[in-house]
Amino acid sequence: MSFNDDVNIGGSQVGSGGGGGAPGGMVVGGGIGGIILLVIALIFGINPSDLPTNPGGGGSDQGQVQPGGTEQDSELANCKTGADANKSDACRVKATVLAVNTFWSQELPKYKREYTPAKTILYNGSTQSACGTASNQVGPFYCPLDKQVYIDASFFQILTDQFGSSSGPLAQEYVVAHEYGHHVQDLLGLLDEAQKDPKGEQSGGVRIELMADCLAGVWANHATETKGESTKGGEVAFLKPLTDQDIKDALSAASSVGDDRIQEKTQGRVSPESWTHGSAAARQKWFTTGYKTGDLNQCDTLSPDTVE
């Protein structure tokens, strides 16, 4: 899903983090060795039960940019328009964050709930979050303690090379929209549901992740209607109309990180009792539900007897 060339993405809702250095103080998950396995285990979100009660470093202020990301800062500073977003992963993240925050800022008030935009920290190597060290070993996540999203700049290449996902634009935009689904859940007071039963195919942890997939789909449904400032004056939709290929790209990303797909690849067998994010089919199902209905109310994954 491509951005309209003239949409202005010069806002500051994305900052950069540290560049390089050995990751330390890992507090999210743990117990699995190797960069790829850690990414597989923790991809697309964290369970609140895994968060420290007294995180190291005392947390961080909302919107504070971590030092050391000179190269990333320069690239983000050059992200001015939708045309830039169509050429660069970093600019695409910046544009998607602006589009997603704009949509939810307009949507949640319809349900008499206020939306507070969340910032994304796009880093290279490692940086510090209030939930511990963010690194390329962790993958993208939302930290409810500082209410920011953290994405390593190299992640999208890992998603394609290691997980077999499509490299299409909506595959990448889905990743961002999923993490902001967790921010919406946080604002609605739903994230604690993941703590009640963090593992298993019908667990609270899986249901929260699938809800975030559905919320990503809701955003995708409305993305071509959500408008931002135009560099030529007035307003213009953030994104061009979706194509069938765009949807295939998003479903490819959702499927590639299904627990069953990951387990088959890494251990040669499927163990539903240890699932934390849902099967490939379930992730596709709930993204599709959100996309086809465009209705927040259809993303209730907590009430059904089964979500798979």
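We use all heavy atoms of the structure for the numbers below, so side chains are in, but hydrogens, waters and symmetry mates are not.
Using a 3.5 Å distance cut-off with no hydrogens or angles, the side chains of Y180 and T96 do not pair a donor with an acceptor. Donor-acceptor pairing under 3.5 Å is recorded for the side chains of D192 and Q195. D259 and Q263 form no side-chain donor-acceptor contact under 3.5 Å, judged by distance and modelled atom types alone. For the residue pair H183 / Q148, no side-chain donor-acceptor distance below 3.5 Å is found, with atom types taken as modelled. At a cut-off of 3.5 Å, with distance as the only test, no side-chain donor of Q106 or H222 sits close to an acceptor on the other residue. Judged by distance alone, the side chains of T306 and Q202 do bring a donor and an acceptor atom under 3.5 Å apart. Under the 3.5 Å distance criterion, with hydrogens and angles disregarded, a donor-acceptor pair is assigned to the side chains of Q128 and T133. No side-chain N or O of D249 forms a donor-acceptor pair with one of S252 less than 3.5 Å apart. Defined by atom type and a distance below 3.5 Å, a donor-acceptor pair is present between the side-chain atoms of D146 and Y150. Side-chain N/O atoms of S230 and E235 include no donor and acceptor closer than 3.5 Å. Counting only N and O atoms by type, the side chains of S255 and R261 include a donor and acceptor under 3.5 Å apart.
Between D89 and V93 there is no side-chain heavy-atom pair separated by less than 4.5 Å. Residues L239 and N4 have side chains not in contact (no heavy-atom distance under 4.5 Å, counting atoms from C-beta outward). Counting heavy atoms from C-beta outward, E273 and E201 have side chains that stay 4.5 Å or more apart. When side chains are defined from C-beta on, L190 counts as touching L302, because their heavy atoms get closer than 4.5 Å. You'll find the side chain of C299 reaches within 4.5 Å of the side chain of V218, heavy atoms only. The shortest distance between side-chain heavy atoms of I208 and L191 falls below 4.5 Å. You'll find the side chain of K248 stays beyond 4.5 Å of the side chain of S166, heavy atoms only. Q172 places none of its side-chain heavy atoms less than 4.5 Å from the side chain of F155.
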- request: Take L122 and L76, measure what side chain to side chain contact (heavy atoms under 4.5 Å, CB included) needs, and give me the verdict at the end.
  value: CA-CA 9 Å; L122 185 66; L76 288 170; 4.1 Å; yes
query: What do the steps show when you test Y291 against L242 for side chain to side chain contact (heavy atoms under 4.5 Å, CB included), and what is the final call?
result: CA-CA 11 Å; Y291 172 66; L242 274 69; 3.6 Å; yes
query: Given the rule in the side chain to side chain contact (heavy atoms under 4.5 Å, CB included) test, do E209 and H178 qualify, once you have shown the distances and angles that lead to the verdict?
result: CA-CA 8 Å; E209 293 299 332; H178 173 100; 3.0 Å; yes
message: Could you walk me through whether Q185 and L188 satisfy the side chain to side chain contact (heavy atoms under 4.5 Å, CB included) test, starting with their C-alpha distance in whole Å, then the side-chain angles of each, then the deciding distance to 0.1 Å, before giving a yes or no?
response: CA-CA 5 Å; Q185 292 169 332; L188 295 177; 5.8 Å; no
message: Run the salt bridge (charged side-chain N to carboxylate O under 4.0 Å, His left out) test on K87 and D84 for me, step by step, so that the C-alpha distance in whole Å, both residues' side-chain angles and the decisive distance to 0.1 Å come before the verdict.
response: CA-CA 5 Å; K87 299 174 184 177; D84 297 326; 5.2 Å; no
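No donor-acceptor distance shorter than 3.5 angstrom exists from the side chain of W275 to the backbone of G205, with no hydrogens or angles considered. For Q284 (side chain) and L251 (main-chain N/O), a donor-acceptor pair under 3.5 Å exists by modelled atom type. Counting only distance, with no hydrogens or angles, the side chain of S274 and the backbone of S271 share a donor-acceptor pair below 3.5 Å. Under the 3.5 Å distance criterion, the side-chain polar atoms of T301 are matched with a main-chain donor or acceptor of R207. Checked by atom type and distance alone, the side chain of T293 pairs as donor or acceptor with a backbone atom of D295 at under 3.5 Å. Looking at K94, its side chain does come within 3.5 Å of a backbone N or O of C79 through a donor-acceptor pair. The backbone N or O of G217 lies less than 3.5 Å from no partner atom in the side chain of N221, so there is not a single donor-acceptor pair. D260 places no side-chain N or O within donor-acceptor distance of the main-chain N or O of S279, the cut-off being under 3.5 Å. Judged by distance alone, the side chain of D152 and the main-chain N or O of S154 form a donor-acceptor pair under 3.5 Å. The main-chain N or O of D213 is never found under 3.5 Å from a side-chain atom of R283 such that the two would form a donor-acceptor pair.
When the shell of 6.0 Å around CG of N297 is examined, it contains more than 12 heavy atoms from other residues, nucleotides or ligands. Within 6.0 Å of CD on E193 lie more than 12 heavy atoms contributed by other residues, nucleotides or ligands.
Shortest non-hydrogen contact noted between D300 and W286 is O-CH2, 4.0 Å. A pairwise comparison of heavy atoms in I151 and P140 identifies CG1-CB, 4.1 Å as the closest pair. Of all non-hydrogen atoms in L215 and W104, the two that sit nearest each other are O-CZ2, 3.7 Å. Scanning all heavy atoms of the two residues, the minimum distance from T224 to K240 falls at CG2-O, 3.0 Å. Shortest non-hydrogen contact noted between Y142 and V149 is CD1-CG2, 3.9 Å. Closest approach of V7 and A237 over heavy atoms only: CB-O, 4.3 Å.
For F141 and H182, the gap between ring centers reaches or exceeds 6.0 Å.
Atom OG of residue S135 and atom CG of residue N124 lie 11.5 Å apart, to the nearest 0.5 angstrom. To the nearest 0.5 angstrom, C214 atom SG is 8.0 Å from L296 atom CG. Separation of atoms CZ (F103) and CG (L98) is listed at 14.0 Å; rounding is to 0.5 Å. The NZ atom of K227 sits 13.0 Å away from atom OG1 of T102, with the distance rounded to the nearest 0.5 Å. Taken to the nearest 0.5 Å, the CH2 atom of W219 stands 12.5 Å off from the OH atom of Y174. Taking CZ from R92 and CG from N86, the interatomic distance works out to 6.5 Å, rounded to the nearest 0.5 Å.
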